[in-house]
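Structure record follows, encoded as structure tokens.
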Amino acid sequence: MKIHIIQPAVPKYRIDFFERISSSWDVIIHTTKKDFLNVSTFDSDLNMNISNGFRSIFGFFFWHSNLPFNIYNKDDIVVVNGNPRIINYMILLIICKIKGVKIIWWGHGRSSTSTNLGTFIRKKIMKVADGVMLYTDNELKDFNDFNNIIALNNGLDSEEIKSYIKPGNSYIETKTMIFLGRLTEKSNILLLLESFKYIGTLDLKLYIVGSGPLKKYVQEIILNNKIPVSLVGSVYDEKDLSELFSKCDLFVYPGSVGLSLIHALNYSLPVLLHNKSSFHMPEYSAFEEGFNGVSFEYGSPLDLAKQIDYFYRLDFNKRKLFSDNAKNTVKNTYNTQDMSNRFDKFLMSLL
């Protein structure tokens with residue numbers, strides 16, 4: 001029996017999860033060198049069938065080039081990335097159903113850009129699958145009418161991250177914030193820069209880690225307004241990221257946060273996010289107001305500045321408690337070990 005995993009790309013953060021499940025199952029991953037979002041597949045020793053990429057259909061739908069349709073046997077399990085905009089993934093879903101090949105839909109139940117109609121259509125298509133894997137436990141509440149459904153609690157390789165954290169390293173006050181993500185409208189990075197107009201006399205610093213289409217505009221704003229920001233650019237090596245995180249005492253993400261939230265929690269950083277949950281990605285479920293972070297009013301640079309001020313005027317012990325709670329949030333879940341355990345149990349239940 002083979003486990004065929006169909007993915008647009010395999011970024012570095014997915015490698016450890018796939019390596020873990022490959023130690024228990026005969027896994028082959030069908031992916032591309034670079035997907036339609038410009039995410040590249042990370043070089044590894046995993047068993048991967050890699051094609052050149054995607055073809056665009058009217059700029060909205062996509063076709064995974066050279067994706068095989070006829071290699072799946074009845075005793076195999078096919079795990080398909082749950083994106084209805086990838087046409088041949090949906091075709092593969094139907095082909096497997098007709099041939100009697102078990103198929104698992106793996107994706108989010110709802111994202112920051114989902115519409116009610118889009119969610120309705122997705123749920124109808126998902127019912128074709130023999131099983132469904134969602135990103136987080138929190139999403140399960142909207143799928144009470146589904147059988148054979150679990151959540152993996154999308155996470156990172158916490159063990160690797162821990163290996164770069166110095167023994168005995170504890171939360172310290174640096175008055176330095178960090179943003180990690182792509183510089184896009186989705187991240188709302190410009191709102192964060194605008195908030196500095198209202199921060200006042202707090203002697204703050206900010207690291208912006210990432211790149212994207214707004215990079216030049218961000219550079220101009222920083223220079224023209226003399227904002228205390230270090231624009232680091234893209235950083236992929238965990239050792240380099242750990243050095244940046246170790247200099248900071250608050251993670252701030254003004255837009256639709258996703259896996260970067262889990263990254264910050266692994267480094268025991270309290271988080272500051274906007275308060276409109278439906279405009280976040282599924283990983284937002286790891287955030288708890290007043291427990292591992294605080295929130296600001298969605299779209300308001302003034303309130304973002306107020307919450308930054310509020311956080312840094314808290315008693316140090318209170319901020320340290322936020323940090324301890326952040327670390328505990330990802331202690332037992334939102335990591336690749338727990339993801340692989342959940343995956344193994346789910347596959348066994350389908351056999």
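Positions are given from 1, in the same order as the sequence printed here.
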> Would D130 and K97 count as a salt bridge (charged side-chain N to carboxylate O under 4.0 Å, His left out) if you check the C-alpha gap in whole Å, the side-chain angles of each, and the deciding distance to 0.1 Å?
Replying inline: CA-CA 9 Å; D130 298 284; K97 193 69 176 180; 3.7 Å; yes
>> Using the rule given for side chain to side chain contact (heavy atoms under 4.5 Å, CB included), can you reason through L180 versus L241, listing the C-alpha separation, both sets of side-chain angles and the distance that settles it, and then say yes or no?
In response: CA-CA 10 Å; L180 173 65; L241 282 170; 4.2 Å; yes
>> What verdict does the side chain to side chain contact (heavy atoms under 4.5 Å, CB included) test give for L269 and L250, after you've listed the backbone C-alpha separation in whole Å, the side-chain angles of each residue and the deciding distance to 0.1 Å?
In response: CA-CA 6 Å; L269 286 191; L250 179 65; over 6 Å; no
>> Pair H4, H30 - check side chain to side chain contact (heavy atoms under 4.5 Å, CB included), show working.
In response: CA-CA 7 Å; H4 297 269; H30 305 277; 3.0 Å; yes
>> Please determine whether side chain to side chain contact (heavy atoms under 4.5 Å, CB included) holds for the pair F18 and I29, giving the CA-CA distance in whole Å, both sets of side-chain angles, and the decisive distance to 0.1 Å.
In response: CA-CA 9 Å; F18 286 141; I29 303 167; 3.7 Å; yes
>> Please determine whether side-chain hydrogen bond (donor to acceptor under 3.5 Å, both in side chains) holds for the pair N154 and R14, giving the CA-CA distance in whole Å, both sets of side-chain angles, and the decisive distance to 0.1 Å.
In response: CA-CA 10 Å; N154 200 29; R14 280 280 182 248; 2.7 Å; yes
> Run the salt bridge (charged side-chain N to carboxylate O under 4.0 Å, His left out) check on R342 and D137 step by step: do they pass?
Replying inline: CA-CA 11 Å; R342 292 180 181 220; D137 288 335; 2.9 Å; yes
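With hydrogens and angles ignored, the 3.5 Å screen pairs no side-chain donor or acceptor of S230 with any backbone N or O of V232. A distance-only check finds no donor-acceptor pair linking the side chain of S158 to the backbone of N335 [under 3.5 Å]. At least one donor-acceptor pair under 3.5 Å links the side chain of H280 to the backbone N or O of H274. With hydrogens and angles ignored, the 3.5 Å screen pairs a side-chain donor or acceptor of N325 with a backbone N or O of L321. T174 places a side-chain N or O within 3.5 Å of a backbone atom of K247 that can act as its donor or acceptor partner. Under the 3.5 Å distance criterion, the side-chain polar atoms of E289 are matched with a main-chain donor or acceptor of S295. Of the possible donor and acceptor atoms, none in the side chain of N292 sits under 3.5 Å from a partner among the backbone N and O of F287. In terms of modelled atom types and a separation under 3.5 Å, the side chain of N225 and the main chain of I227 share no donor-acceptor contact. In this structure a side-chain-to-backbone donor-acceptor pair under 3.5 Å is missing from D16 to D157. Looking only at distances, no side-chain donor or acceptor of D76 sits under 3.5 Å from a matching main-chain atom of Y72.
For the pair K162 and Y164, the NZ or CZ position fails the cation-pi test of under 6.0 Å to the six-membered ring centre and within 45 degrees of the ring normal.
Of all the heavy atoms in S187 and R182, the pair that sits closest is OG-O, 2.9 Å. Listed here is the closest heavy atom pair of F36 and I86: CE2-CD1, 3.7 Å. For the pair R122 and G82, the tightest heavy-atom approach, listed with the atom from each and the gap, is NE-O, 4.4 Å. Nearest approach of M48 to F42, heavy atoms of both residues: CE-O, 3.9 Å. Between A326 and P270, the closest heavy-atom pair is CB-N, 4.5 Å.
Counting heavy atoms from C-beta on, the side chains of F322 and F291 never come closer than 4.5 Å. Looking at N73 and V101, their side chains never come closer than 4.5 Å, going by heavy atoms from C-beta outward. By the 4.5 Å heavy-atom criterion applied to side chains, K186 and S256 are counted as neighbours. A 4.5 Å side-chain heavy-atom check between S24 and I21 finds every atom pair outside the cut-off. Taking the side chain as every heavy atom from C-beta outward, K33 and T41 never approach each other to under 4.5 Å. Looking at heavy atoms from C-beta onward, I104 lies out of side-chain contact with V132 at the 4.5 angstrom threshold. At a threshold of 4.5 Å between non-hydrogen side-chain atoms, the residues V39 and V10 do not count as touching. The closest side-chain heavy-atom distance from L231 to L183 is below 4.5 Å.
Criterion: ILVMFWY side-chain heavy atoms under 4.5 Å apart, direct or through other members. Under it, I103 and I94 are not part of a common hydrophobic cluster. In the hydrophobic clustering of ILVMFWY residues, with side-chain heavy atoms under 4.5 Å counting as a link, Y13 and Y135 come out apart. Criterion: ILVMFWY side-chain heavy atoms under 4.5 Å apart, direct or through other members. Under it, V294 and L265 are part of a common hydrophobic cluster. One hydrophobic cluster holds both I165 and Y334 under the rule that ILVMFWY side chains link at heavy-atom gaps under 4.5 Å. Linking ILVMFWY side-chain heavy atoms closer than 4.5 Å, directly or via other members, places L273 and F296 in a single hydrophobic cluster.
In this structure, L302 CG and E194 CD are separated by 9.5 Å, a value rounded to the nearest 0.5 Å. The CD1 atom of I6 sits 11.0 Å away from the CG atom of L93 when rounded to the nearest 0.5 Å. Note that the SG atom of C248 and the OH atom of Y171 stand 10.0 Å from one another [nearest 0.5 Å]. How far CD1 of I50 is from OG of S65: 13.5 Å, rounded to the nearest 0.5 Å. How far CD1 of I208 is from CG of L192: 6.0 Å, rounded to the nearest 0.5 Å. Interatomic distance, OG of S260 versus CE of M281, reported as 10.5 Å (0.5 Å rounding).
Of the charged side-chain nitrogens involved, none lies within less than 4.0 Å of a carboxylate oxygen, so that D344 and R20 do not count as a salt-bridged pair. Taking the charged nitrogens against the carboxylate oxygens, D26 and K2 do have a contact shorter than 4.0 Å, which makes a salt bridge. Between E160 and K12 there is a salt bridge, since at least one side-chain N of the basic residue sits less than 4.0 Å from a carboxylate O of the acidic one. Salt bridge status for K102 with D75: absent, with no side-chain N to carboxylate O gap under 4.0 Å.
Note: F245 and Y267 have parallel aromatic rings, judged against thresholds of 30 and 60 degrees for the angle between ring planes. Ring geometry for H64 versus Y89: interplanar angle of 30 to 60°, hence tilted. Note on ring orientation: taking the six-membered ring where Trp is involved, the planes of F146 and F143 are perpendicular (angle over 60°, cut-offs 30° and 60°).
Looking at T136 and E139, their side chains do bring a donor and an acceptor atom within 3.5 Å of each other. Q7 and T31 share no side-chain donor-acceptor pair at under 3.5 Å. Between the side chains of H263 and E238, at least one donor-acceptor pair of N or O atoms lies under 3.5 Å. For the residue pair Y253 and N188, no side-chain donor N or O sits within less than 3.5 Å of a side-chain acceptor on the partner.
No close placement of the F343 and F346 rings is indicated, their centers lying 6.0 Å or farther apart. You'll find the ring centres of W106 and F17 inside the 6.0 Å limit.
Counting heavy-atom neighbours within 6.0 Å of K331 NZ, excluding the residue itself, gives a total of 12 or less.
Residues forming a side-chain contact (heavy atoms from CB on, under 4.5 Å) with E220 (at least two apart in sequence, or on another chain): Y217, N224.
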Show which side-chain atoms of residues 52-63 pair as donor or acceptor with protein atoms under 3.5 Å away, not counting sequence neighbours.
unit_1: S56; atom_1: OG; unit_2: G59; atom_2: N; d: 3.2

